[in-house]
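Okay, so here's the structure we're looking at.
When reading the values below, keep in mind they use all heavy atoms of this one structure, side chains included, and skip hydrogens, waters and symmetry mates. As the structure lists them, so they are numbered: ligands from 1, and atoms in each ligand from 1.
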Amino acid sequence: MKKPLVDKYGRVHDYLRVSLIEKCNLRCRYCMPENPDWTPKEELCTTQELLQLMDLFISMGVSKVRLTGGEPLVRKDFDVILKHLAKKEVELSMTTNGLLIDRHISLLKDNGLRKINVSLDTLIPGRFEMITRRTGFETVMRNIRHLVDEDFRVKVNVVIMRGMNDDELTDFIEWTRNLPLTVRFIEFMPFDGNRWDDEKMVSLAEMKERISERFEIMKLEDGPNDTTKHYRVPGFVGKFGIISSMTEHFCGSCNRIRLLANGSIKNCLFSTNETDLLTLIRKGEDPEPVIRSVIWKKKPSHAGRFNIAKQENRSMVTIGG
Ligand code: SAM
Ligand code: SF4
């Protein structure tokens, strides 16, 4: 067994989030600019390269792998990647916009991918089109139902933006009255091209206050590496949570490493530094010492950036949330 991947603050990194693909079948305004600059195909990992890198991380103690993107289900070799990972000793999960779930449900079940986060920012059909610049609301709703009926562990990610969908906070919670899923409200984060501004960001404190005006809420216990603060409305089947990346970060317990579709790694979502592992493996070099050094140098919080809103970062679609 190799040494675990630790940083100089003693945080063990055993959770790999892999962005399988930059491309997406939606165009969410908070995530990507209208016309993104896609990376040329030859600069992206082939199936074999991606599997090689993922295997290396697993050999270094990664025990949880989340597949994300872009939209992971748009990747043509998704089945090959999933079947490969299903043979490893890792807990698998995925973040998806939910549009292509129906045609993948058996594949997911057969290969033990049971934890699925679906992004859905509104319960109003017309608003879905406004936010995502595409159609598909009914399909996503149907697919969420399907996942719940098939006993997947479903979380619905909602990025809350003032003036866009903040009036739906309590409607989302009402939705969990009889539905066994967790709705997670995410504070809007700044990335290139998403027109973030302070005013549009609704904080955890404000969300809680506004929810409490309609519902009695109960705090639940959170897990050790949890990015979400969990709550329940007594009597409701589902739960809700708030991800406060902006106002109350959770960097102290961070165990995440991000592998991008171009074979680079980021030691923090907000880090502007990326380390290219693809070139190393194409030259036949061993990336392990480089990976260890990148993790070792991780900053204590938010990649050491004092004001993350003022600095450039890739758009989220190319990082993988
Ligand atoms: N396409 C998949 C999806 O939408 O779930 C996976 C990729 S998406 C980049 C991953 C997550 O990042 C989504 O839950 C999305 O809501 C979140 N996200 C994207 N841009 C964000 C932003 N500016 N602030 C907060 N969360 C964001
Ligand atoms: Fe695509 Fe997900 Fe970004 Fe929306 S949030 S544009 S679905 S990657």
Looking at [Y] and [X], is there a salt bridge between them, counting it only when a charged N and a carboxylate O are closer than 4.0 Å?
{"X": "Glu206", "Y": "Arg210", "answer": "yes"}
{"X": "Lys109", "Y": "Asp151", "answer": "no"}
{"X": "Arg29", "Y": "Asp121", "answer": "no"}

Check: Nearest non-hydrogen atom to atom 8 (S) of ligand 2 belongs to which of Ser119, Gly136, Gly70?
Finding: Gly70

Next item on the list: From atom 24 (N) of ligand 1, work out which of Lys155, Met189, Met246 has a heavy atom at the shortest distance.
Entry: Met189

Going by the order shown, which atoms of ligand 1 are within less than 4.0 Å of some heavy atom of [X]?
{"X": "Gly70", "result": "1 (N), 2 (C), 6 (C), 7 (C)"}
{"X": "Glu187", "result": "25 (C)"}
{"X": "Glu71", "result": "1 (N), 2 (C)"}
{"X": "Thr68", "result": "6 (C), 7 (C)"}
{"X": "Asn157", "result": "14 (O)"}
{"X": "Ile186", "result": "25 (C), 26 (N)"}

Under 4.0 Å from a heavy atom of [X]: give me the atoms of ligand 2 that qualify, with their elements.
{"X": "Asn97", "value": "7 (S)"}
{"X": "Met32", "value": "6 (S)"}
{"X": "Tyr30", "value": "5 (S)"}

Atom [atom1] of [X] and atom [atom2] of [Y]: how far apart are they, to the nearest 0.5 Å?
{"X": "Cys28", "Y": "Glu71", "atom1": "SG", "atom2": "CD", "answer": "9.5 Å"}
{"X": "Lys64", "Y": "Asp14", "atom1": "NZ", "atom2": "CG", "answer": "7.0 Å"}
{"X": "Leu278", "Y": "Ile265", "atom1": "CG", "atom2": "CD1", "answer": "12.5 Å"}

Margin query: Using 2.8 Å as the threshold, say whether any N, O or S atom from Cys31 sits that close to atom 4 (Fe) of ligand 2.
Written below: no

Notebook entry, point to check: Do Tyr30 and Ile186 have side-chain heavy atoms sitting under 4.5 Å apart?
Noted result: no

Notebook entry, point to check: Hey, are the side chains of Thr95 and Lys155 touching, using non-hydrogen atoms and a 4.5 Å cut-off?
Noted result: no

Margin query: I need the contact type for Leu26 against ligand 1. Using non-hydrogen atoms and a strict under-4.0 Å cut-off, is it side chain, backbone, both or neither?
Written below: neither

Check: From Cys24, does some N, O or S atom reach closer than 2.8 Å to atom 3 (Fe) of ligand 2?
Finding: no

Check: Looking at Val140, Thr132, Val74, Thr135, which hits side-chain contact (heavy atoms from CB on, under 4.5 Å) with Leu26?
Finding: Thr132

